[in-house]
2 protein chains.
Amino acid sequence: MPLEKTKKQVILEAAATLFRDRGYSATSMRDLAEAVDLKASSLYNHISGKEEMLKTICFQNAYRFHEELNRIETELLSTAEKIEQLVRFHIIMATEEVTSITSFNDEWRHLTEPDLSRFKELRKDYENRFKAIIESGIKDGTFKDIDPTILLHTILSSIRWVYNWYRTGRPITPTELAKEITTIVLSGINR
Amino acid sequence: MPLEKTKKQVILEAAATLFRDRGYSATSMRDLAEAVDLKASSLYNHISGKEEMLKTICFQNAYRFHEELNRIETELLSTAEKIEQLVRFHIIMATEEVTSITSFNDEWRHLTEPDLSRFKELRKDYENRFKAIIESGIKDGTFKDIDPTILLHTILSSIRWVYNWYRTGRPITPTELAKEITTIVLSGINR
DNA sequence: CCTACCGATCGGTAGG
DNA sequence: CCTACCGATCGGTAGG
């Protein structure tokens, strides 16, 4: 195991940063080459192309979310605890993987087939299983009887801005932030 | 006043649709020309360039949000009612201006200076005034004592997914949707 | 509103 | 890891 990052990892991280800042389409291979102090053609000794990098970033993150969901589904937790742990994981990802999460969130649509469909299926699967947890919470009386799809998307998107926030470097830990957002979503802002 | 849309309006709407579906950078003037049944060069008889269209879309929407905020600020309403009306307006915009709202939300970063800074200032101003309403709600005991910036972004981003939802054509009116989301944000999902 | 065309830049390859 | 270069496509203009 190498102690230092491989050149490929360095390139992938620089790509994620550029994709976040300018978007996938507006990032050129020459921009990326300059960011890692190479000529554009030399990039291809480490990566096989622009879209392959996007693909790696998108699917790596998708798999991490699925792994965590697998874990939470099999644990003996109340529905409220499951939601809380999912929210916390989303926030940890948003704060620790700031750059690649943005590509994961916003740039996946530039994937081409068949990867695009594969990615959408993974996402749909994740959402359906998240929604199933919400539905069981409604059934057992933990949550209010609100359309589970509305609930799902409201929860998921209320977390999406976090990566944006964290770049400003406010002095709050991910765990604290997770607690505040979970409170808002679960108990609302009304006193 | 013309009863029919001007060609310029038709082009702008087609541009907003393409910017939403593929992103600003990945949309070519030839794509746009094809969408409105023209040759690329003919577009320039109606618009002055690609970025001018993005600029129009972004600032038109920014002004509409500011106008509504102006109205709500001067009305005699409780803080909870102000938040509720703001949320409803966001949702109405997301459902009635589906295409241009996405460009407004996601594609503004492709503006160049000085428009980019001007747009960011407008946005910052809107957020600060929204936050001031939240802060007065915390001060007068209407809302819980949660960091107002966290509250602001959680509210704003919990609405951002709506345009995405509405494309699927679910049988729910904007007003109903606004009520559900306001309930979640104000009272939480816990029974 | 079109044909014809501009220089610039794109992702990527050949060959060393 | 570089120089040199490829065909394709970009936003936009000239001229009618």
Side-chain angles (χ1 to χ4, degrees), chain A residues 2 4-59 103 106-116 119, chain B residues 2 4-59 103 106-116 119:
Chain A
E4 290 171 23
K5 286 173 187 165
T6 64
K7 195 88 188 181
K8 180 168 182 171
Q9 281 175 311
V10 172
I11 291 171
L12 275 174
E13 280 170 32
T17 304
L18 286 167
F19 293 168
R20 176 196 65 187
D21 292 339
R22 315 181 187 181
Y24 175 77
S25 298
T27 300
S28 77
M29 295 304 274
R30 281 146 180 97
D31 294 334
L32 176 58
E34 202 182 341
V36 295
D37 246 332
L38 287 176
K39 296 292 173 184
S41 58
S42 303
L43 292 171
Y44 294 87
N45 291 307
H46 302 97
I47 50 102
S48 70
K50 191 184 178 186
E51 192 179 331
E52 183 234 23
M53 294 189 292
L54 179 64
K55 187 176 155 182
T56 304
I57 292 165
C58 289
F59 282 95
S103 296
D106 298 328
E107 306 300 327
W108 57 265
R109 61 178 165 159
H110 295 109
L111 292 169
T112 54
E113 297 297 355
D115 296 317
L116 181 61
F119 183 85
Chain B
E4 291 171 23
K5 288 173 188 165
T6 65
K7 196 87 189 179
K8 180 168 183 171
Q9 281 175 311
V10 172
I11 291 171
L12 274 174
E13 280 171 32
T17 305
L18 287 167
F19 293 168
R20 176 197 66 187
D21 292 339
R22 313 179 188 182
Y24 175 76
S25 298
T27 299
S28 77
M29 296 303 274
R30 281 146 179 96
D31 294 334
L32 176 58
E34 203 181 339
V36 294
D37 247 330
L38 287 176
K39 296 292 173 184
S41 58
S42 304
L43 292 171
Y44 294 87
N45 292 307
H46 302 97
I47 49 101
S48 70
K50 192 183 177 185
E51 191 178 333
E52 183 235 24
M53 294 189 292
L54 179 64
K55 186 177 157 181
T56 303
I57 292 165
C58 289
F59 283 94
S103 297
D106 297 328
E107 306 301 326
W108 57 265
R109 60 179 165 158
H110 295 108
L111 291 169
T112 54
E113 298 295 355
D115 296 317
L116 181 60
F119 183 84

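Below, chains carry the letters A, B, ... as their sequence lines are ordered, and counting in each starts from 1.
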For C:dA8, the nucleotide meeting Watson-Crick or G-U wobble distances (both under 3.5 Å) is D:dT9

For [X] and [N], give me the distance from atom [atom1] to atom [atom2], rounded to whole Å.
X: B:E34; N: D:dC10; atom1: CD; atom2: P; answer: 11 Å
X: B:M29; N: C:dA8; atom1: CE; atom2: P; answer: 20 Å
X: B:L38; N: C:dT3; atom1: CG; atom2: C1'; answer: 14 Å
X: A:L32; N: C:dG11; atom1: CG; atom2: C1'; answer: 12 Å
X: A:Y44; N: D:dA4; atom1: OH; atom2: C1'; answer: 16 Å
X: A:I11; N: C:dG12; atom1: CD1; atom2: P; answer: 13 Å
X: B:K39; N: C:dA4; atom1: NZ; atom2: C1'; answer: 12 Å
X: B:I47; N: D:dT13; atom1: CD1; atom2: C1'; answer: 13 Å

Among D:dT13, D:dC1, D:dC10, the one nearest any side-chain atom of B:R30 is D:dC10

Out of C:dC2, D:dG11, D:dC1, minimum distance to the side chain of A:N45 belongs to D:dC1

Touch class at under 4.0 angstrom, heavy-atom based, for [X] against every strand present:
X: B:T27; answer: sugar-phosphate
X: B:S41; answer: base
X: B:L43; answer: nothing

By nearest-nucleotide position on DNA chain C, the 5'-leaning member of B:S42 and A:G49 is B:S42

For A:Q9, is there any backbone N or O sitting under 3.5 Å from a side-chain donor or acceptor partner on A:H46? no

CD1 (B:I57) and CH2 (B:W108) are apart, to the nearest 0.5 Å, by 15.5 Å

Just N and O in the side chain of B:S28: are any of them under 4.0 Å from OP1 or OP2 of D:dC10? yes

Check: Above 12 or not: heavy atoms from other molecules or residues under 6.0 Å from NZ of B:K55?
Finding: no

### Other residues, nucleotides, ligands: >12 heavy atoms within 6.0 Å of A:E34 CD
no

Open item on the list: Can you see whether B:S28 engages B:D31 through a side-chain donor-acceptor pair at a distance of less than 3.5 angstrom?
Closed with: yes

